[in-house]
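Note sheet for the following structure.
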Amino acid sequence: MASYAAFLLLVAALFVCCCHAQGGDDGAVAAIYSLGDSITDTGNLAKEAPPGAFETIKHLPYGVTFGRPTGRCSDGLLMIDFLAQDMGHPFLNPYLAKNMSFDHGVNFAVAGATAMDPADLFNRTFSMPFTSNSLKLQLRWFKDFMKSTFATDAEIRKRLQSSLVLVGEIGGNDYNFAFYANKSVSEVEKMIPAVVQTIINATKEVLDMGASRVIVPGNFPIGCLPSYLTAMAAPEPSAYDSTACLKDLNLFAAKHNAQLQRAVAGLQASYPDAAIAYADYFNSFLSLLKGAPALGFDENSTHKACCGAGGRYNYDLRLMCGVEGTAVCADPSAYVSWDGIHMTQAAYKAMSRLIYHGRYLQPQILSFPEEKNGQT
């Protein structure tokens, strides 16, 4: 009975839109502005990368479900795409895609971006990552765009008061690069306060510019990702939890999220006139994982990548999705993970419903067109 009740709760969270926005006149969002990494990037890395670099995301099988490669790190759409769609907006164009419409918002996110500036993050600890993009640079792009688009600070404030700004998900790569450099969990934990503070400082800047509706997402339970399950596989069954995820890595991610949630609560107290929400990627992902079969995912493939080169989790750092020697599963929609690091379109759609229409946006600050029409 308990599992059946949990299933009903999950279905309700996924498919019933029952919450209404806090803040704003009628909840209408004129534009969406997004900062972040590959979870949100709709093409900036593909535009930014020099010829010959990061070729895999520029070609099939990336974008196979969408029908063509778009620079998204998935087989199709991302959570930001479903959010924009649900709000009645077109997909957000990447900032670096010049001569395109930015009337309904801009996506500043770049795959591989870190929260902390690379010069601060890596000089003293380990080698530079594959991209030098960071939250600091994206914030500069954001400010430059607003100043070049609107004549005065007052006009910028007016625009932002009717917009939604997402600051993240960001910070995951700060930790990823450290783990990939063979840093221990205890060593990487020491980075958490600085990473969280960087995210909060950026959020403050956005709020000070006039933003009245801001979402700050947390990190995923990284111990459930095929990439980490492969790289940090443990011989002891006790290293894994009931969802077959690595306990230590999920505990680490939970510590980051706990600190970030406390800091977001501080922002909510400091900016009482703004609607500021924490997006719980951690628990929404675990809910998806536990309810995966009922949601149409293959129960034997929840921890396997759809695109990969074989092995227990179909992930090999030396043979990443898209290179010769890898293959794509017959039905990406039956998989949670696309390439061992990023999710499939089907999983992102389920996550978007759980978070933005469900109970994993805390507090619920959004409303959607169908809600205003009395539909569910």
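Worth knowing before you read on, the calculation uses all heavy atoms, side chains too, and leaves out hydrogens, waters and symmetry mates. Each residue takes its place number in the sequence, starting with 1. Values in this document were obtained by computation on a predicted structure and should not be read as measured data.
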Subject >> F220 reachable from L286 in the ILVMFWY side-chain graph, under 4.5 Å edges >> reply: no
Counting only N and O atoms by type, is there a donor-acceptor contact under 3.5 Å from the side chain of [X] to the main-chain atoms of [Y]?
| X | Y | result |
| --- | --- | --- |
| Q364 | L366 | yes |
| D41 | D37 | no |
| E155 | A151 | yes |
| N44 | A109 | yes |
| N107 | N93 | no |
| S270 | G266 | yes |
| N133 | G112 | no |
| T42 | L92 | yes |
| S301 | K304 | no |

Subject >> Salt-bridge present (D280, R359; N to O < 4.0 Å) >> reply: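 Salt bridge: no.
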Original post:
Does the C307 SG fall under 2.5 Å from that of C329?
Top reply: no
**OP:** Decide yes or no on side chain to side chain donor-acceptor pair (under 3.5 Å) for Y271 and D208, but give the supporting numbers first.
**Re:** CA-CA 9 Å; Y271 295 84; D208 289 340; 2.8 Å; yes
Determine whether the side chains of [X] and [Y] contain a donor N or O and an acceptor N or O closer than 3.5 Å.
| X | Y | answer |
| --- | --- | --- |
| H342 | S337 | no |
| N257 | Y281 | no |
| N201 | Q197 | yes |
| Q85 | H89 | no |
| E187 | S184 | yes |

Subject >> Verdict with reasoning, Y33 to L166, per side chain to side chain contact (heavy atoms under 4.5 Å, CB included) >> reply: CA-CA 6 Å; Y33 300 102; L166 286 86; over 6 Å; no
Subject >> Closest approach of A234 to Y240 (non-hydrogen atoms, all atoms of both residues) >> reply: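 Closest approach of A234 to Y240: N-OH, 2.9 Å.
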**OP:** Start with the C-alpha gap between F54 and Y62, add the side-chain angles, then the distance that decides, and say whether ring pair (Phe, Tyr, Trp, His ring centres under 6.0 Å) holds.
**Re:** CA-CA 12 Å; F54 310 110; Y62 281 87; over 10 Å; no
Original post:
How far apart are the C-alpha atoms of D81 and R72, what are their side-chain angles, what is the distance that settles it, and do they pass the salt bridge (Lys or Arg N to Asp or Glu O under 4.0 Å) test?
Top reply: CA-CA 10 Å; D81 297 310; R72 290 168 174 81; 2.8 Å; yes
